[in-house]
Amino acid sequence: MKKFIYILLLLVTLSSCSEYQKALKSEDIATKFKLGEDLYNEGKFEKANKLFAQIVPNYRGKPQAEKLMYLYSQSFYKMKDYYVAGYQFERFASSYPKSEKAEEASFLAAKSSYMLSPVYSKDQKETSQAIEKLQEFINVYPESEYLPEANKLIKELVYKLEKKAFEIAKQYDKISDYEASIKSFDNFVFDFPGSTFREDALFYKLDASFKLAINSVKYKQETRLKNAKSVAETFNKSYADSKYKEQVNDMLEKIEEQLKNYSTKANI
């Protein structure tokens with residue numbers, strides 16, 4: 001019985017493959033469309049895509065073109081070819097603005113850009129482009145059913161940009177370029193005021209300010225110590241229960257101890 005079922009499945013598979021090969025070589029575009037749609041519905045996206053690609057030019061201007069172009073775009077997306085999927089979805093939305101699929105296509109075009117966003121450690125050009133495309137979608141479809149997901153995707157992408165900028169600023173601290181570190185963290189706080197990294201950024205700015213002051217030449221030290229003290233006091237006001245509280249207070253204590261030397265000299 002098992003052997004019979006195996007043979008039957010094999011025959012069905014061979015028949016299916018034979019049908020597909022015949023369709024690829026056929027000049028009957030209706031046959032290609034029908035089989036392509038069947039294969040798409042079966043989840044055989046690569047095979048469907050090849051058939052759709054052969055007939056797209058033949059259906060331009062015809063009533064069936066809208067459905068074909070939608071399935072064609074979707075097949076690229078399902079194949080995870082997000083570069084082409086994004087292009088095809090944008091093309092669909094532009095060609096069929098009144099289609100019931102136009103909103104979905106516009107969203108998937110933007111989401112394709114999101115899918116192309118690399119890990120935070122790499123160049124984030126595509127991340128910025130994805131944010132722009134998703135925001136454009138939200139502007140055009142402010143009441144869309146895809147709005148919650150679009151906002152979620154933007155949030156994830158912005159987090160990548162924050163992480164990238166934060167790690168770059170930290171690198172300056174690691175190589176002891178404290179002035180560059182301070183400037184980078186200032187820029188970070190300005191660019192991402194609501195960032196989840198804000199507390200960490202302000203702490204590392206303080207850390208860099210403290211190290212810069214302690215390691216400065218004498219004639220610059222007092223000014224830099226006072227600046228570091230101001231940064232520490234501002235931090236404590238903003239984050240009274242910070243995870244860095246002990247480290248901040250330790251730095252503040254050392255700063256004030258150093259500043260006593262200058263107040264003593266001034267009184268002599």
Side-chain angles (χ1 to χ4, degrees), residues 113-114 116-135 151-268:
S113 290
Y114 162 84
L116 292 169
S117 172
V119 294
Y120 81 88
S121 57
K122 294 186 177 181
D123 182 81
Q124 293 300 299
K125 180 181 178 182
E126 288 171 322
T127 300
S128 297
Q129 290 174 342
I131 291 172
E132 288 178 11
K133 288 183 181 294
L134 283 162
Q135 190 58 58
N151 283 324
K152 177 176 173 289
L153 298 180
I154 288 177
K155 188 175 180 180
E156 289 178 18
L157 294 168
V158 170
Y159 179 86
K160 277 189 189 179
L161 296 182
E162 291 176 6
K163 181 73 172 173
K164 175 80 171 182
F166 179 72
E167 292 299 329
I168 288 174
K170 276 180 69 177
Q171 285 301 315
Y172 287 117
D173 191 63
K174 287 181 180 178
I175 63 173
S176 302
D177 189 346
Y178 302 125
E179 289 184 273
S181 180
I182 293 166
K183 185 176 180 180
S184 293
F185 282 119
D186 275 339
N187 290 339
F188 176 87
V189 172
F190 179 80
D191 292 336
F192 306 104
S195 172
T196 54
F197 294 107
R198 188 174 187 274
E199 179 182 347
D200 302 278
L202 291 175
F203 171 75
Y204 281 109
K205 177 190 173 182
L206 168 59
D207 184 62
S209 299
F210 173 75
K211 289 173 181 174
L212 178 65
I214 295 299
N215 294 289
S216 288
V217 292
K218 288 296 180 182
Y219 76 95
K220 290 184 177 180
Q221 196 172 59
E222 183 180 11
T223 300
R224 288 176 173 175
L225 284 167
K226 288 179 179 178
N227 180 62
K229 180 180 178 181
S230 175
V231 174
E233 289 173 341
T234 299
F235 182 92
N236 277 338
K237 286 179 183 178
S238 300
Y239 300 99
D241 298 316
S242 173
K243 58 186 176 182
Y244 299 114
K245 187 174 183 179
E246 287 187 19
Q247 291 166 268
V248 172
N249 288 336
D250 182 60
M251 280 188 271
L252 190 55
E253 187 178 320
K254 290 176 181 176
I255 290 168
E256 289 175 338
E257 191 64 34
Q258 289 287 326
L259 283 172
K260 285 179 183 179
N261 297 329
Y262 292 95
S263 60
T264 301
K265 290 177 183 177
N267 293 327
I268 293 175

Step through it carefully: locate the ring centre of F203, locate the ring centre of F210, and say whether they are under 6.0 Å apart.
no
Taking only residues at least two apart or on different chains, which pairs with a member in residues 193-202 satisfy salt bridge (charged side-chain N to carboxylate O under 4.0 Å, His left out)?
D200-K243
What residues, two or more places apart in sequence or in another chain, satisfy side-chain hydrogen bond (donor to acceptor under 3.5 Å, both in side chains) together with N236?
N249
Report the C-alpha distance between S117 and K160 in whole Å, list the side-chain angles of each, state the deciding distance to 0.1 Å, and finish with yes or no for side-chain hydrogen bond (donor to acceptor under 3.5 Å, both in side chains).
CA-CA 9 Å; S117 172; K160 277 189 189 179; 3.0 Å; yes
Walk me through it: do E126 and K133 pass the test salt bridge (Lys or Arg N to Asp or Glu O under 4.0 Å)?
CA-CA 10 Å; E126 288 171 322; K133 288 183 181 294; over 6 Å; no
Do K211 and D207 have side-chain heavy atoms sitting under 4.5 Å apart?
yes
Flag side-chain contact, heavy atom, 4.5 Å: L157 against L134:
yes
Under 3.5 Å, which donor-acceptor pairs do the side chains of residues 227-235 form with other protein atoms, sequence neighbours left out?
from	atom 1	to	atom 2	distance (Å)
T234	OG1	S230	O	2.9

Nearest 0.5 Å, please: how far is CG in L225 from OG in S216?
7.5 Å
Before you tell me yes or no, could you show the steps for E257 and K254 under salt bridge (Lys or Arg N to Asp or Glu O under 4.0 Å), namely the whole-Å CA-CA distance, both residues' side-chain angles and the distance that decides it to 0.1 Å?
CA-CA 5 Å; E257 191 64 34; K254 290 176 181 176; over 6 Å; no
Axial cation check for Y120 ring with K163, 6.0 Å and 45° limits:
yes
Report yes if some heavy atom in the side chain of P118 is under 4.5 Å from a heavy atom in the side chain of D123; otherwise report no.
no
Over 12 foreign heavy atoms within 6.0 Å of CD, E167:
yes
Quick one: list whatever passes side-chain hydrogen bond (donor to acceptor under 3.5 Å, both in side chains) with Y204, sequence neighbours left out.
none
Report all side-chain donor-acceptor pairs from residues 182-194 shorter than 3.5 Å, counting only partners two or more places apart or in another chain.
from	atom 1	to	atom 2	distance (Å)
S184	OG	A180	O	2.9
D186	OD1	K205	NZ	2.8
N187	ND2	K183	O	3.4

Does E162 pair with K155 as a salt bridge, N-O distance under 4.0 Å?
no
Under the side-chain hydrogen bond (donor to acceptor under 3.5 Å, both in side chains) test, which residues partner K164, sequence neighbours left out?
none
Do Q129 and S113 have a side chain donor and acceptor closer than 3.5 Å?
no
At what distance, to the nearest 0.5 angstrom, does CD1 of I255 lie from NZ of K226?
13.0 Å
Between the CD1 atom in I175 and the NZ atom in K170, the distance rounded to the nearest 0.5 Å is 14.0 Å
Q258 and I214: which non-hydrogen atoms are nearest, and at how many Å?
CG-CD1, 4.1 Å
Starting from the C-alpha separation in whole Å, work towards a yes-or-no answer on side chain to side chain contact (heavy atoms under 4.5 Å, CB included) for S242 and V248.
CA-CA 9 Å; S242 173; V248 172; 5.8 Å; no
Closest non-hydrogen contact found for Q124 with V119 is NE2-O, 2.9 Å
Can a donor-acceptor pair be found between the side chains of Q221 and Y262 at a distance below 3.5 Å?
yes
Let me see the working for I131 and L161 under side chain to side chain contact (heavy atoms under 4.5 Å, CB included), right down to the final yes or no.
CA-CA 10 Å; I131 291 172; L161 296 182; 3.6 Å; yes
